[in-house]
Amino acid sequence: MQKIFSSTQIQALDDATISEEGITSLDLMERAAQKATDALLRLYPQARHFALFAGPGKNGGDALAMARLIAASGRECQIEAWLFNTSGHLHADCQANKQRLESLGTVKFYEVTDRFEPPTLTADTVVVDGLFDIGLSRPLSGGFASLVNFINASPAQVVSIDMPSGIPADEATSGNRLLSVQAYHTLTFHSLKRTMMLPDLAERFGQIEILDIGLSHSKADDIQTEWHIFSPVDIARLSGVLTPRQPFSHKGTYGHALIIAGSYGMGGAATLAARACLRTGAGKVSVHTPLMNNDLIQITVPEATLSHDASDTVFTAPPDVAPYQAVAVGPGIGTSRPTGTALFKLLTATSRPMVIDADAINLLSAHSAWLGQIPEHSILTPHPGEMARLSPGATTSGSLLEAAIRLASAHNIYIVLKGHHTAICTPEGHVWFNATGNPGMATAGSGDVLTGIITGLLAQGFSPQHAAMLGVCLHGLAGDLAAESLGQMSLIASDLIDYLPRAFGRLAEVAVQP
């Protein structure tokens with residue numbers, strides 16, 4: 001599992017590296033600047049004009065060092081560097097790189113202490129943004145705000161070092177209202193940062209490239225963090241994920257799942273969830289749905305058994321849930337008053353963890369007192385709109401994630417906040433970001449498939465956390481494999497089910513990789 005470190009923890013990694021290797025912080029800065037310069041020249045092999053903007057801190061030192069290293073590369077180009085030293089105080093390493101650049105004499109260097117004469121930036125200019133580093137903790141204002149607006153208004157291509165200036169590494173509750181540099185590329189050191197996982201700010205980073213600058217592995221192992229990214233390799237190596245089935249097993253060995261889904265006109269949600277649950281390996285799947293959906297489900301999912309609601313059109317009463325190893329509720333059930341009453345009865349009928357999705361989440365949003373009735377370790381799978389209804393006042397991706405973390409901790413449940421980097425928030429306050437998936441999965445029914453996958457895993461005996469993590473990974477991996485064959489534009493939800501066998505196969509492949 002890849003850890004996501006805070007800005008404070010990154011500084012601890014820097015300090016440990018300096019101590020272990022017996023180098024100075026200036027030496028480590030030079031290493032980082034060389035890595036960033038190499039990447040910059042590779043990304044822009046034809047560039048002949050570089051304009052580097054340096055702030056007074058460590059990122060400014062990186063940018064000044066890069067100006068010198070570009071000059072030393074032998075590239076025939078114009079290099080200009082501006083150091084914004086309006087406070088009259090520079091970080092020691094920034095000061096050292098200022099002196100090195102001045103002594104070089106081959107780079108046009110300007111130190112701005114008061115008035116700034118903006119240069120001409122054209123479409124052929126590559127701007128290097130080294131104004132502020134990951135430790136920024138306040139919004140940009142004054143002259144620096146004007147400078148960022150100037151950069152963003154120019155036709156130049158912008159490369160940010162570590163983070164686009166104006167975006168803090170650890171939190172961004174102001175979302176897309178936050179003033180920051182708009183980068184074409186972000187060259188970030190060591191690992192991804194927390195705010196890089198937020199959809200509100202995704203466009204600000206452009207293409208992100210992680211640069212390995214050799215920070216201390218032992219210190220990274222020692223640092224504890226609540227934030228992680230997991231990949232198919234990580235999931236494949238979880239205990240029990242790919243355990244071969246025993247020869248004398250039978251359908252009862254792999255659990256009986258109940259999916260409460262569908263209403264008049266929404267029978268497709270029930271079929272998608274049921275098919276996904278079966279394809280994930282549940283031994284038996286029953287669907288509780290209004291009688292109106294009988295023929296549809298019997299034809300499209302003949303492997304499932306049906307439990308008919310007393311109503312022809314909506315969910316009005318839960319069946320006895322005792323015989324089932326896993327229960328899911330929500331896809332396509334609607335939000336009528338009788339359905340709300342039935343949901344409350346269901347929540348109070350069992351202490352076993354459930355999967356709660358879609359309209360069941362919307363009903364919980366309308367009856368917040370019911371949140372206390374959710375069985376412990378249940379899994380809620382809201383998309384951002386549903387999460388916003390659960391947490392009024394949370395309007396940005398950052399604040400929605402914070403609300404999901406609080407909700408998971410407060411009610412001892414798991415929140416699967418869906419998105420490009422779906423976040424699994426645990427009762428212990430940990431956040432696990434998924435690395436699989438693509439924009440082609442932004443299609444109707446995709447969430448119903450995820451509900452079926454997670455429910456199928458719960459039925460087979462996976463813990464709620466492992467069911468959520470494996471389910472999200474498989475869902476995204478199936479989407480990636482489907483997109484490889486079909487393209488993102490043409491992807492539909494049922495394709496995800498069809499590609500689940502290949503997703504399992506891919507996990508088996510990566511599990512044996514060294």
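Starting from 1, each residue takes its place in the sequence as its number.
Using bins of under 30°, 30° to 60° and over 60° for the plane-to-plane angle, the ring pair F5/H190 lands in the tilted bin. In this pair, W227 and F433 present their aromatic rings parallel. The plane angle is below 30°, not in the 30 to 60° band.
Counting non-hydrogen atoms of neighbouring residues, nucleotides and ligands closer than 6.0 angstrom, the CZ atom of R279 reaches no more than 12 such neighbours. E303 CD: more than 12 foreign heavy atoms inside a 6.0 Å radius. The neighbour count for F144 CZ, taken as heavy atoms of other residues, nucleotides or ligands under 6.0 Å away, is above 12. Heavy-atom contacts from other residues, nucleotides or ligands closer than 6.0 Å to CD of E428 number more than 12. The number of heavy atoms from other shown groups lying within 6.0 Å of CZ (R502) does not exceed 12.
For the pairing with I4, the side chain to side chain contact (heavy atoms under 4.5 Å, CB included) check across I229, T195, V431 returns one residue only, I229. Exactly one of L211, N59, T186 qualifies for a side chain to side chain contact (heavy atoms under 4.5 Å, CB included) with I161. That residue is N59. Shown are I151, L136, L140; of these, the side chain to side chain contact (heavy atoms under 4.5 Å, CB included) with L131 is made only by I151.
Side chains of P353 and P464 form a contact here, defined as non-hydrogen atoms less than 4.5 Å apart. Counting heavy atoms from C-beta outward, T443 and D495 have side chains that stay 4.5 Å or more apart. Side-chain contact check for I415 versus M387: some heavy-atom pair is nearer than 4.5 Å. Side-chain contact between L390 and L364 is present, with at least one heavy-atom pair separated by less than 4.5 Å. Looking at D129 and V159, their side chains never come closer than 4.5 Å, going by heavy atoms from C-beta outward. Using a 4.5 Å heavy-atom cutoff, the side chains of H377 and I413 are not in contact. Side-chain contact between V148 and S180 is absent, with no heavy-atom pair separated by less than 4.5 Å. Looking at T280 and L500, their side chains come closer than 4.5 Å, going by heavy atoms from C-beta outward.
For the 3.5 Å distance criterion, the side chains of S463 and Q465 fail to qualify, holding no donor opposite an acceptor. In this structure, a donor-acceptor pair under 3.5 Å is present between the side chains of H475 and S446. For S231 and D234, the side-chain atoms include at least one donor-acceptor pair closer than 3.5 Å. Between the side chains of N412 and E376, a donor-acceptor pair is found at a separation under 3.5 Å. Defined by atom type and a distance below 3.5 Å, a donor-acceptor pair is present between the side-chain atoms of D200 and S397. Remark: the D357 side chain and the T381 side chain contain an N/O donor-acceptor pair separated by less than 3.5 Å. S6 and D170 share no side-chain donor-acceptor pair at under 3.5 Å.
Between R42 and E209 there is a salt bridge, since a side-chain N of the basic residue sits under 4.0 Å from a carboxylate O of the acidic one. One finds no salt bridge joining R31 and D62 here, because no Lys/Arg side-chain nitrogen approaches an Asp/Glu carboxylate oxygen to under 4.0 Å. The pair D498-R275 meets the salt-bridge criterion, since a charged nitrogen lies less than 4.0 angstrom from a carboxylate oxygen.
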Under 3.5 Å, side-chain donor or acceptor atoms of residues 212-220 against the rest of the protein: list the pairs with distances, not counting sequence neighbours.
{"unit_1": "D212", "atom_1": "OD1", "unit_2": "G214", "atom_2": "N", "d": "2.9"}
{"unit_1": "S216", "atom_1": "OG", "unit_2": "E20", "atom_2": "OE1", "d": "3.1"}
{"unit_1": "S216", "atom_1": "OG", "unit_2": "E20", "atom_2": "OE2", "d": "2.8"}
{"unit_1": "S216", "atom_1": "OG", "unit_2": "S218", "atom_2": "OG", "d": "3.2"}
{"unit_1": "S216", "atom_1": "OG", "unit_2": "K219", "atom_2": "N", "d": "3.0"}
{"unit_1": "S218", "atom_1": "OG", "unit_2": "E20", "atom_2": "OE2", "d": "3.0"}

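When all heavy atoms of S336 and L363 are compared, the pair lying nearest together is O-CD2, 4.3 Å.
Side-chain rings of F50 and Y44 stay apart, their centers remaining 6.0 Å or farther from each other.
Note that the CD1 atom of I208 and the CD1 atom of I210 stand 8.0 Å from one another [nearest 0.5 Å].
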